[in-house]
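One structure is given here, and the rest of the page talks about it.
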2 protein chains.
Amino acid sequence: MPYDPSDYPPFAVTVDLVVLTVRRHALCALTVRRGEQPFQGRWALPGGFVRPDEDLAQAAARELSEETGLTAHDPSAPAQDNGAHLEQLATYGDPKRDPRMRVVSVAHLALAPDLPAPRPGGDANSARWAPVEELLAEGGYGRDGEPVAPLAFDHAQILADGVERARSKIEYSSLATAFCPPEFTVGELRRVYEAVWAVALDPRNFHRKVTGTPGFLVPTGGTTTRQGGRPAQLFRAGGATLLNPPMLRPEV
Amino acid sequence: MPYDPSDYPPFAVTVDLVVLTVRRHALCALTVRRGEQPFQGRWALPGGFVRPDEDLAQAAARELSEETGLTAHDPSAPAQDNGAHLEQLATYGDPKRDPRMRVVSVAHLALAPDLPAPRPGGDANSARWAPVEELLAEGGYGRDGEPVAPLAFDHAQILADGVERARSKIEYSSLATAFCPPEFTVGELRRVYEAVWAVALDPRNFHRKVTGTPGFLVPTGGTTTRQGGRPAQLFRAGGATLLNPPMLRPEV
DNA sequence: GATCATAGTCGTCTTCCTGACGATAAACAC
DNA sequence: GTGTTTATCGTCAGGAAGACGACTATGATC
């Protein structure tokens with residue numbers, strides 16, 4: 001294994017982002033429209049080169065901030081400071097994944113509350129939130145019946161991996177709260193689970209489960225009626241990060 | 001986001017391997033001794049450059065084969081063909097992780113049965129299986145009281161992440177069988193869990209759990225007494241990959 | 001060959017968690 | 001007020017897991 005710094009094969013390293021949020025009862029991902037070849041005009045995941053002096057996590061946080069204005073929220077920091085959860089997802093390095101050159105992409109997963117004003121990069125036409133169901137429909141058609149072009153590069157695979165990570169991770173962690181505003185109700189949290197898993201959950205059992213798990217939810221004392229119906233208690237995310245026993249995803 | 005192929009920052013991309021096995025009731029990792037600066041003479045995880053025409057998984061499989069003679073066992077292939085389980089772990093890209101140059105390492109995790117003849121690269125003096133407990137003891141001392149030098153680069157972190165991945169993954173998957181020979185007993189499988197988690201499990205409850213989970217174990221009909229005591233039934237790994245409900249790691 | 005140590009396997013009992021679902025409470029719309 | 005919506009509490013049955021007793025089938029030892 002000779003190790004000559006001058007003869008290593010050069011690669012380009014990028015970060016790509018799977019940014020997920022819950023909007024209108026659906027799990028949505030941030031996509032940007034490509035302005036250049038290849039895949040010009042197609043939707044893709046946001047991303048960009050890692051700079052020479054940047055850590056991978058820094059690069060992902062920078063891209064996230066550039067695309068959404070969100071600040072990444074260090075997983076080690078406990079408080080819900082309106083930042084997004086950001087974690088490394090996986091790395092994609094097929095030699096042919098970019099036709100121009102050898103690019104290795106370190107994909108990251110970000111979970112964000114529904115953004116009041118999605119301000120994507122300044123150009124509203126070049127970015128959008130799209131339901132992952134549409135983005136991943138294979139050669140299919142969106143909710144409005146229009147044909148959907150698949151995402152550029154291997155981004156459909158990356159998105160699918162990110163969605164699956166999110167789906168499984170909210171089972172055994174308190175990460176679903178990352179989709180919620182700082183204060184939220186049990187019903188709002190339940191709708192997050194329902195949107196991410198695309199299932200219906202029993203409100204009574206869900207309520208028992210989340211309020212009975214120590215450290216998951218902390219009542220703030222306030223109530224709200226923003227969902228209509230009887231006023232609901234407001235909660236903040238508690239310190240617990242791991243749910244034990246986990247929240248079980250219903251069988252198919 | 002201008003994208004000029006000629007001005008991307010160049011990186012070196014490597015794969016590093018966390019190869020785990022269970023030997024003498026302890027979880028052990030493969031380490032190689034570095035022959036060059038930096039960290040000359042220190043132990044490190046095996047690894048090497050990704051070649052220009054290689055996928056990341058291919059590079060990891062090639063390194064694994066070079067270091068151990070094991071063939072990587074595609075996760076999609078079901079049968080236990082004496083190959084090792086291999087999966088991507090995470091990617092490490094701190095700008096200062098290698099003092100010579102910018103190196104991004106895509107770490108992989110391999111789980112292997114105890115190898116009859118650890119033939120590491122041909123040079124027996126340059127590779128060894130070491131208990132992860134010793135390798136991760138911070139500034140500590142090994143089982144024999146000798147001081148332990150920490151692993152080179154950020155390999156202690158990579159190893160810790162790999163161990164944690166293995167520990168959590170055998171909870172909800174049938175991956176523990178990757179540490180076993182093609183045919184094994186319930187007791188042998190239990191000793192794998194005990195070694196990886198470093199806990200003691202109740203043999204009776206464990207037996208009930210694993211034999212009661214559909215698709216986890218398939219009896220081969222044979223029996224063995226290689227552990228002493230009453231002969232035990234032999235099993236092969238079944239088709240199930242996900243355990244539902246999971247095997248619960250005992251509370252601390 | 002009897003006894004002992006070792007490991008494997010089958011049961012039992014209690015406790016906890018979950019899924020199904022009834023019932024009540026507190027808001028709003030008409 | 002009546003109906004609708006959402007929140008919250010309670011009950012009950014079934015399943016899974018931890019604790020642990022009992023029995024079985026080997027090899028080792030006396």
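The chains referred to below are lettered A, B, ... by the order of the sequence lines, with proteins before strands, and numbering in each begins at 1. The shown structure was predicted, so the numbers you read here are calculated from the model rather than taken from an experiment.
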Exercise for review: Give the nucleotide from the list D:dA22, C:dG8, C:dA25 with an atom nearest to the side chain of A:Arg230.
Suggested key: C:dA25

Review point. Atom CZ of A:Arg208 and atom C1' of D:dC12: how far apart are they, to the nearest Å?
Key: 11 Å

Point to revise | Under the salt bridge (Lys or Arg N to Asp or Glu O under 4.0 Å) test, residues paired with B:Arg204 that sit two or more places apart | key: B:Asp202

**Study point:** Separation of D:dA17 C1' from B:Tyr172 OH (nearest whole Å)
**Key:** 21 Å

Review point. Rounding to a whole Å, what distance do you find between B:Gln233:CD and C:dA7:P?
Key: 19 Å

**Study point:** Per B:His207 side chain, nearest of listed nucleotides D:dA7, C:dC10, C:dT18
**Key:** C:dC10

Review point. Counting any heavy atom closer than 4.0 Å, what does B:Arg226 reach on the DNA or RNA strands: base, sugar-phosphate only, or nothing?
Key: nothing

Check your understanding: For the pair made of CG in B:Leu217 and P in C:dG8, what is the distance, rounded to whole Å?
Key -> 14 Å

Review point. Tell me: CG of B:Asp202 to C1' of D:dG21, nearest whole Å?
Key: 11 Å

Study note, to complete from the structure: Contacts of B:Arg204 and B:Arg249 projected onto DNA chain D by closest heavy atom; the upstream (5') one is B:Arg249

Study note, to complete from the structure: Result for 5'-nearest mapping on DNA chain C, choosing between A:Asn205 and A:Thr225, is A:Asn205

Review point. Which nucleotide in the list C:dT18, C:dG8, C:dA26 gets nearest to the side chain of A:Pro245?
Key: C:dT18

**Study point:** Atom CD of B:Gln88 with >12 non-hydrogen neighbours under 6.0 angstrom
**Key:** yes

Review point. Ion pair present between B:Arg226 and B:Glu183, side-chain N to carboxylate O less than 4.0 angstrom?
Key: no

Study note, to complete from the structure: Output for pair (A:Glu63 CD, A:Leu45 CG), nearest 0.5 Å, gives 12.0 Å

Check your understanding: Rounding to a whole Å, what distance do you find between A:Glu171:CD and C:dC17:P?
Key -> 18 Å

Exercise for review: Establish, with yes or no, whether the OP1 or OP2 oxygen of C:dC17 is under 4.0 angstrom from a side-chain nitrogen or oxygen of A:Lys209.
Suggested key: no

Exercise for review: Specify the residue among B:Glu188 and A:Met247 whose closest nucleotide of DNA chain C lies further upstream toward the 5′ end.
Suggested key: B:Glu188

Practice item. Find the distance B:Leu243:CG to D:dA17:C1' and express it as a whole number of Å. Key: 14 Å

Practice item. Let me know the distance between CG of A:Leu248 and P of C:dA20, rounded to the nearest Å. Key: 12 Å

Exercise for review: Please answer whether the main-chain N or O of B:Thr31 pairs with a side-chain N or O of B:Arg128 as donor and acceptor at a distance below 3.5 Å.
Suggested key: no

Review point. Would you say D:dA7 has OP1 or OP2 under 4.0 Å from some side-chain N or O of A:Arg191?
Key: yes

